[in-house]
S.K.: 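What follows is a single structure, and I will ask about it in a moment.
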Amino acid sequence: MGWAGIKNGELMRLAENEFDAFVTVDRNLSYQQNVSDFSIALLVLRAKSNRFVDLEPFAKPLLESVLTAKNGAVTLISL
């Protein structure tokens, strides 16, 4: 998308125009941004790291959570 280097708030603004959900492992994002200002669901994976081996187990819970996630709200996904 050419969005490398864009900071969180602006990144969420861009994403809300293109996507239904914003998925991250950044646990601080929901504290750094007023998520209710955005028309996109924020899903936070509580993974050990952003390495594939740590994210792979989140695939099914993430897909299930996307179905019920609400715009302007944070959904925490833990295993």
Side-chain angles (χ1 to χ4, degrees):
M1 302 285 301
W3 296 353
I6 296 176
K7 300 295 179 198
N8 290 337
E10 186 180 351
L11 186 59
M12 286 188 67
R13 270 291 163 236
L14 290 169
E16 74 183 339
N17 294 320
E18 301 286 333
F19 304 101
D20 296 321
F22 188 98
V23 180
T24 184
V25 294
D26 183 352
R27 297 178 190 189
N28 293 319
L29 183 61
S30 61
Y31 302 107
Q32 296 167 346
Q33 301 297 319
N34 187 359
V35 178
S36 64
D37 288 346
F38 299 96
S39 60
I40 191 169
L42 177 62
L43 293 101
V44 180
L45 305 178
R46 297 184 59 128
K48 181 179 174 182
S49 77
N50 63 354
R51 294 177 48 224
F52 181 78
V53 68
D54 294 325
L55 296 176
E56 186 177 25
F58 284 86
K60 185 176 179 183
L62 175 60
L63 290 173
E64 292 168 352
S65 295
V66 165
L67 298 175
T68 58
K70 304 288 184 213
N71 288 348
V74 179
T75 301
L76 298 175
I77 304 170
S78 300
L79 296 179

S.K.: Given the rule in the side chain to side chain donor-acceptor pair (under 3.5 Å) test, do N71 and S39 qualify, once you have shown the distances and angles that lead to the verdict?
M.R.: CA-CA 5 Å; N71 288 348; S39 60; 5.4 Å; no
S.K.: Which pair of heavy atoms, one from V44 and one from D26, lies closest together, and at what distance?
M.R.: CG1-O, 4.0 Å
S.K.: To check you understand the geometry: which heavy-atom pair defines the closest contact between S30 and V35, and what is its length?
M.R.: CA-CG2, 4.0 Å
S.K.: Give me the atom names and distance for the closest heavy-atom approach of A47 to V25.
M.R.: CB-CG1, 4.4 Å
S.K.: Between atom CD of Q33 and atom CZ of R13, what is the distance when rounded to the nearest 0.5 Å?
M.R.: 9.0 Å
S.K.: Rounded to the nearest 0.5 Å, how far apart are CD of E18 and CD1 of I40?
M.R.: 9.5 Å
S.K.: CE of M12 to NZ of K7: how many Å apart, nearest 0.5 Å?
M.R.: 16.0 Å
S.K.: Are F19 and L29 connected in a single hydrophobic cluster, I mean Ile/Leu/Val/Met/Phe/Trp/Tyr linked by side-chain heavy atoms less than 4.5 Å apart?
M.R.: yes
S.K.: Shared ILVMFWY cluster between L63 and V74, side chains joined below 4.5 angstrom?
M.R.: no
S.K.: For L11, check side chain to side chain contact (heavy atoms under 4.5 Å, CB included) against everything at least two apart and list the hits.
M.R.: W3, I6, F22
S.K.: Between OG1 of T24 and CG of N8, what distance do you get to the nearest 0.5 Å?
M.R.: 7.0 Å
S.K.: How close do F58 and R46 get, heavy atom to heavy atom, and via which atoms?
M.R.: CZ-O, 3.5 Å
S.K.: Between V66 and D20, does a side-chain contact (heavy atoms from CB on, under 4.5 Å) hold up when you go through it step by step?
M.R.: CA-CA 9 Å; V66 165; D20 296 321; over 6 Å; no
S.K.: How far does CG of L62 sit from CD of E56, to the nearest 0.5 angstrom?
M.R.: 13.0 Å
S.K.: State whether the number of non-hydrogen atoms from other residues, nucleotides or ligands found under 6.0 Å of D54 atom CG is greater than 12.
M.R.: yes
S.K.: Is there a continuous path of hydrophobic side-chain contacts, each under 4.5 Å between heavy atoms, that joins M1 to L14?
M.R.: yes
S.K.: What's the separation between atom CG in L42 and atom OG in S36, rounded to the nearest 0.5 Å?
M.R.: 11.5 Å
